[in-house]
Amino acid sequence: MKIATFNINGIKARIEALPAWLDEATPDVAILQEIKSVDEAFPAEIFEERGYNVATHGQKSFNGVAILSKRPLEDVTRGLPGDDSDEQARWIEATVMGDTHPLRLCGLYLPNGNPAPGPKYDYKLAWMERLLKRAETLLAEETPFLMAGDYNIIPQAEDAAKPDSWRDDALFRLESRTAFRKLINLGLTEAFRARTQGPGHYSFWDYQAGAWNRNNGIRIDHFLLCPQVADMLQDCQIDMEVRGRDKPSDHVPVWVELAA
DNA sequence: ATGTCTCGGCTCCCGAGA
């Protein structure tokens with residue numbers, strides 16, 4: 001089963017580029033972030049006619065996550081547990097049947113957190129605490145799961161072309177990386193780094209300052225796999241060439257191939 | 001390089017967020 005994550009930066013703006021990539025990459029599941037659309041306005045038909053089931057959790061203007069799946073989506077839940085007052089649409093879960101086991105899919109758009117320090121950064125760290133608790137719960141339930149999306153975290157210096165310029169940024173400051181490391185230390189596997197070592201692998205290039213042409217990128221879109229799913233990992237790749245196409249998102253798709 | 005893109009208000013530009 002091929003599962004991709006892709007921050008599309010607006011479904012309306014990506015109404016041609018997203019289907020084009022789906023037709024070519026043919027993932028079984030696409031976990032999307034920043035749909036920037038309310039659920040009623042999401043153009044589900046475009047994906048349904050390609051054989052995808054569609055589950056969205058959107059809001060007006062900002063954020064918003066979705067799951068497209070060729071296998072039926074069951075037990076869809078929306079919103080990250082732990083704060084009923086949180087109105088930002090950043091989390092969606094659904095179950096798909098693998099060849100042998102059910103697989104719980106978690107799609108996330110982790111808060112950016114800038115400027116740091118400040119209230120937006122406090123919200124990011126609090127959100128990551130809730131994410132840690134959700135991962136602990138899923139591990140305790142022993143249901144195979146993965147968590148995929150835009151983590152807005154640069155895990156290590158090698159994941160940025162210019163790490164020094166990110167030193168005090170919410171995506172890279174020590175507290176952010178420590179919170180991400182806590183997740184890993186629960187026993188989760190970061191899929192890309194389980195397969196590929198070394199610098200120069202990025203999933204985001206800013207629209208500004210010719211970042212793409214200078215390859216001034218960062219790697220912030222990740223898959224975290226529970227132990228059972230880590231055992232099924234066959235491949236993990238970044239479709240970086242997508243960034244060079246017409247009307248691109250500032251992120252590119254990252255995908256895993258699972259023996260499931 | 002002060003370098004871009006997206007969304008929405010109620011639009012013929014601007015602020016906010018990234």
Side-chain angles (χ1 to χ4, degrees), chain A residues 5-21 30-44 46 56-66 80 86-91 107-128 131 148-155 159-173 175-177 179-180 202-222 238-254:
Chain A
T5 180
F6 190 3
N7 180 324
I8 58 173
N9 190 19
I11 185 60
K12 296 174 195 71
R14 231 55 65 204
I15 203 65
E16 292 184 17
L18 176 58
W21 168 76
I31 297 171
L32 307 178
Q33 302 86 40
E34 284 206 270
I35 63 173
K36 296 187 175 180
S37 165
V38 293
D39 295 335
E40 310 80 65
F42 190 84
I46 292 177
T56 60
H57 178 39
Q59 67 182 94
K60 194 192 279 191
S61 302
F62 306 118
N63 308 321
V65 288
L80 181 62
D86 187 357
E87 294 182 350
Q88 299 191 31
R90 297 179 174 278
W91 181 265
L108 67 102
Y109 175 46
L110 208 147
N112 176 294
N114 279 304
K120 291 187 177 182
Y121 192 60
D122 295 340
Y123 173 67
K124 178 177 195 158
L125 293 178
W127 204 94
M128 293 188 78
L131 178 59
D150 177 358
Y151 282 74
N152 269 314
I153 295 283
I154 302 165
D159 297 310
K162 298 183 178 180
D164 289 345
S165 69
W166 294 91
R167 193 62 59 184
D168 299 317
D169 191 280
L171 278 61
F172 190 61
R173 48 187 349 245
E175 280 176 282
S176 303
R177 285 181 283 129
F180 187 75
Y202 312 125
S203 66
F204 168 93
W205 294 259
D206 201 289
Y207 288 123
Q208 294 191 69
W212 168 247
N213 288 326
R214 296 162 189 249
N215 195 24
N216 180 15
I218 53 177
R219 196 175 66 87
I220 57 176
D221 299 273
H222 311 299
I238 303 173
D239 284 348
M240 73 174 282
E241 75 283 354
V242 171
R243 186 63 177 80
R245 298 182 182 176
D246 286 343
K247 290 238 9 169
S249 170
D250 40 6
H251 296 250
V252 297
V254 182

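In what follows, every chain begins at residue 1, and chains take the letters A, B, ... in the order their sequences are listed.
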**OP:** Could I get the full list of side-chain hydrogen bond (donor to acceptor under 3.5 Å, both in side chains) partners for A:D221, not counting sequence neighbours?
**Re:**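 Listed in chain order: A:S203, A:H251.
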Original post:
Of all of residues 11-18 of chain A, which get a heavy atom below 4.0 angstrom from DNA chain B, listed by number?
Top reply: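 Hits under 4.0 Å, by residue number: A:K12, A:A13, A:R14.
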Original post:
Where each residue is assigned the nucleotide of DNA chain B containing its nearest heavy atom, which of A:K36 and A:A209 is assigned the position nearer the 5′ end?
Top reply: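 Its nearest nucleotide lies further toward 5', so the answer is A:A209.
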Original post:
Mapping A:E34 and A:D206 to their closest nucleotides on DNA chain B, which lands nearer the 5' end?
Top reply: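 Nearest nucleotide further toward 5': that of A:D206.
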Original post:
Which of parallel (below 30°), tilted (30 to 60°) and perpendicular (above 60°) describes A:W91 and A:W127?
Top reply: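 It falls in the perpendicular class, over 60°.
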When the [atom1] atoms of [N] and [M] are considered, how many whole Å apart are they?
N	M	atom1	result
B:dT6	B:dT2	P	22 Å
B:dC5	B:dT11	P	25 Å
B:dT4	B:dC10	P	27 Å
B:dG3	B:dG15	P	15 Å

Original post:
Which part of the nucleic acid does A:F204 contact within heavy-atom distance under 4.0 Å: base, sugar-phosphate only, or nothing?
Top reply: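 No contact at all - A:F204 keeps every heavy atom at 4.0 Å or more from the nucleic acid.
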Subject >> chain A contact limits on DNA chain B, taken 5' to 3' with a cut-off of 4.0 angstrom to heavy atoms >> reply: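 From 5' to 3', the first and last contacting nucleotides are B:dG3 to B:dA18.
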**OP:** Using distance alone, with no hydrogens and no angle criterion, decide if A:N112 and A:K124 have a side-chain donor and acceptor under 3.5 Å apart.
**Re:**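 No, A:K124 and A:N112 have no side-chain donor paired with an acceptor closer than 3.5 Å.
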Subject >> Residue pair A:N215 / A:Y202, side-chain donor-acceptor N/O under 3.5 Å >> reply: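 There is no such pair (donor and acceptor under 3.5 Å, judged by atom type) between the side chains of A:N215 and A:Y202.
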Subject >> Listed partners of A:D239 passing salt bridge (charged side-chain N to carboxylate O under 4.0 Å, His left out), at least two apart >> reply: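 Result, salt bridge (charged side-chain N to carboxylate O under 4.0 Å, His left out) vs A:D239: none returned.
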Subject >> Residues that A:F172 engages under ring pair (Phe, Tyr, Trp, His ring centres under 6.0 Å), provided they are two or more places apart >> reply: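 A:F172 satisfies ring pair (Phe, Tyr, Trp, His ring centres under 6.0 Å) with no other residue.
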**OP:** For atom CG of A:D122, decide whether the heavy atoms of other residues, nucleotides or ligands shown that lie under 6.0 angstrom number more than 12.
**Re:**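 More than 12 within 6.0 Å, yes.
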Subject >> Test side chain to side chain contact (heavy atoms under 4.5 Å, CB included) applied to A:A89 - qualifying residues, sequence neighbours left out >> reply: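 A:A89 satisfies side chain to side chain contact (heavy atoms under 4.5 Å, CB included) with A:H57, A:Q59 once adjacent residues are dropped.
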